[in-house]
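Input: a single structure, listed below in structure tokens.
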Amino acid sequence: MDKLPKIAFPVVFLIVILIIVITKSAVTIGSGEAGVLYKTFGGGVVTDEPPLGEGFHIVAPWNKVFVYEVRQQEVFEKMQVLSSNGLEIKLDASAWFQPKRELLGKLHKEKGEDYVQRVLLPTIRSAARSVVGRYTPEQLYSSKRDAIQQEIFEETKKIVDGQYIQLNEVLVRDVTLPPTIKEAIERKLKQEQESLEYEFRLVTAQKEAEKVTIEAQGKADANRILSASLTDKILLDKGIDATIKLSESPNSKVIVVGGGESGLPLILGNN
């Protein structure tokens with residue numbers, strides 16, 4: 001009985017040590033994440049093997065695992081940039097990105113866990129300054145926002161592709177101009193719109209006038225042709241035809257042949 005405590009103590013101690021070792025060795029990679037293995041006695045960051053995938057992993061307790069999110073993420077950035085004529089423009093943008101999973105080891109080794117602040121954001125700011133500097137405030141305010149957004153995306157992507165980052169999209173969410181410039185642009189756009197509306201009304205009125213003129217000319221031409229074709233003989237024949245039809249009516253009472261000035265019969269009286 002005296003020997004039992006002496007034996008139990010080392011066993012308990014070993015069990016505790018084993019539990020600590022297992023706890024230190026167990027790594028769980030969550031959904032949408034990947035792990036970069038760092039071997040303390042094996043050359044440091046592992047770059048020639050795929051990163052650890054989702055789930056439970058056992059690693060040597062003297063090694064480390066750095067966990068990265070590999071799903072698409074979004075970062076926001078507010079910048080002050082200059083337009084082509086030197087005016088200060090406030091730009092509110094965001095980027096959709098994710099680290100390149102197969103190159104996660106190189107990203108960790110060369111850029112570190114704060115790669116967004118070290119690489120991505122400075123690149124977006126540089127691209128935005130370069131692109132916005134090509135346009136006037138009026139273009140930034142109205143017609144060129146989509147083009148600016150695409151150009152910033154392309155310039156940023158060109159750089160970060162070689163930095164183990166996959167850029168999916170850049171969105172220009174807001175462009176803020178100095179108040180005086182904004183008001184001047186809005187006045188100009190309003191005047192242009194009013195001018196376009198006035199021109200439209202003039203064109204519409206002109207077309208309507210042309211339509212009325214054409215219709216009147218058509219009627220005049222028709223009357224002239226009709227007048228030219230109506231001879232005395234044709235009028236007499238038509239009058240005779242009309243008199244015959246009237247004489248056949250049950251309401252006719254007296255027909256005076258040759259009673260009119262033109263020699264046409266006259267029909268007098270009704271029942």
Side-chain angles (χ1 to χ4, degrees), residues 29-39 43-54 64-178 181-182:
I29 307 295
S31 177
E33 298 177 338
V36 175
L37 181 61
Y38 178 87
K39 294 183 177 180
V45 178
V46 176
T47 58
D48 55 354
E49 296 179 10
L52 301 178
E54 299 175 5
K64 296 180 181 179
V65 175
F66 297 89
V67 179
Y68 283 80
E69 184 173 2
V70 293
R71 289 175 292 200
Q72 178 173 280
Q73 305 162 60
E74 185 174 22
V75 62
F76 296 88
E77 182 68 1
K78 292 186 177 182
M79 300 164 277
Q80 290 187 340
V81 294
L82 298 179
S83 64
S84 60
N85 55 359
L87 290 174
E88 189 175 86
I89 310 296
K90 293 182 180 179
L91 199 68
D92 188 357
S94 67
W96 295 348
F97 72 97
Q98 58 198 100
K100 294 182 178 180
R101 191 181 188 282
E102 67 279 6
L103 300 173
L104 202 56
K106 290 185 177 181
L107 176 67
H108 179 75
K109 184 174 183 178
E110 298 180 20
K111 313 302 175 186
E113 294 177 280
D114 55 347
Y115 67 92
V116 173
Q117 285 71 31
R118 286 187 175 184
V119 179
L120 184 58
L121 290 179
T123 305
I124 293 174
R125 287 193 289 266
S126 175
R129 292 190 182 98
S130 174
V131 171
V132 172
R134 304 169 193 161
Y135 295 95
T136 64
E138 185 174 350
Q139 291 173 322
L140 295 171
Y141 184 75
S142 55
S143 60
K144 295 296 184 180
R145 183 172 300 192
D146 290 342
I148 293 166
Q149 179 173 288
Q150 183 64 25
E151 289 180 28
I152 294 175
F153 168 74
E154 290 173 357
E155 291 201 16
T156 305
K157 182 177 176 63
K158 191 187 304 180
I159 297 174
V160 301
D161 268 351
Q163 305 295 320
Y164 321 118
I165 302 170
Q166 176 181 314
L167 184 66
N168 299 331
E169 190 64 83
V170 170
L171 304 174
V172 175
R173 299 184 176 275
D174 189 33
V175 176
T176 305
L177 306 179
I181 301 301
K182 182 180 178 181

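Treat the numbers as computed from the prediction; the structure is a model and nothing was measured.
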Below 4.5 Å, heavy atoms only, C-beta onward: do [X] and [Y] meet side chain to side chain?
X: L177; Y: L87; result: no
X: T176; Y: I89; result: no
X: V119; Y: Y164; result: no
X: L82; Y: R129; result: no
X: I152; Y: L91; result: yes
X: V132; Y: V175; result: no

With sequence neighbours excluded, what pairs up with F66 under the ring-ring contact (aromatic ring centres under 6.0 Å, His included) test?
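Once residues adjacent in sequence are excluded, the partners of F66 under the ring-ring contact (aromatic ring centres under 6.0 Å, His included) criterion are H108.
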Y115: ring-ring contact (aromatic ring centres under 6.0 Å, His included) partners, not counting sequence neighbours:
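Y115 satisfies ring-ring contact (aromatic ring centres under 6.0 Å, His included) with no residue once adjacent residues are dropped.
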Strictly by salt bridge (charged side-chain N to carboxylate O under 4.0 Å, His left out), give each pair with a member in residues 70-94 just once, sequence neighbours left out.
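Salt bridge (charged side-chain N to carboxylate O under 4.0 Å, His left out) check on residues 70-94 returns E69-R71, E74-R173, E77-R125.
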Under the side-chain hydrogen bond (donor to acceptor under 3.5 Å, both in side chains) test, residues paired with E154 that sit two or more places apart:
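Checked E154 against side-chain hydrogen bond (donor to acceptor under 3.5 Å, both in side chains); matches are Q150.
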By side-chain hydrogen bond (donor to acceptor under 3.5 Å, both in side chains) - contacts of Q73 (at least two apart):
none
Minimum-distance pair of heavy atoms, taken over all atoms of [X] and [Y]:
X: P137; Y: N85; result: CD-OD1, 3.4 Å
X: G112; Y: Y68; result: C-OH, 3.5 Å
X: V46; Y: E49; result: CG1-CB, 3.7 Å

Looking at residues at least two apart in the chain, or sitting in another chain, which of them share a side-chain contact (heavy atoms from CB on, under 4.5 Å) with [X]?
X: K100; result: E102, L103, D161, Q166
X: A93; result: M79
X: T47; result: V45, K106, K109
X: S84; result: T136

Could you check whether any side-chain N or O of Q98 sits under 3.5 Å from a backbone N or O of V70, counting only pairs where one atom can act as donor and the other as acceptor?
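Yes; judged by distance alone, with no hydrogens or angles, the pair exists.
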Measuring from I165:CD1 to T123:OG1, what's the distance to the nearest 0.5 Å?
7.0 Å
Could you grab the distance from atom CZ of F153 to atom CD1 of I124, nearest 0.5 Å is fine?
11.0 Å
Contacts under 3.5 angstrom, residues 32-39 side chains, donor-acceptor by atom type, not counting sequence neighbours:
{"residue": "E33", "atom": "OE1", "partner": "G30", "partner atom": "N", "Å": "3.0"}

Those residues that, when tested against D114, pass salt bridge (Lys or Arg N to Asp or Glu O under 4.0 Å) (two or more places apart)
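Here the qualifying residues are R118.
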For R134, salt bridge (Lys or Arg N to Asp or Glu O under 4.0 Å) partners two or more places apart:
E151, E155
Step-by-step side chain to side chain contact (heavy atoms under 4.5 Å, CB included) determination, I29 to V65:
CA-CA 10 Å; I29 307 295; V65 175; 4.2 Å; yes
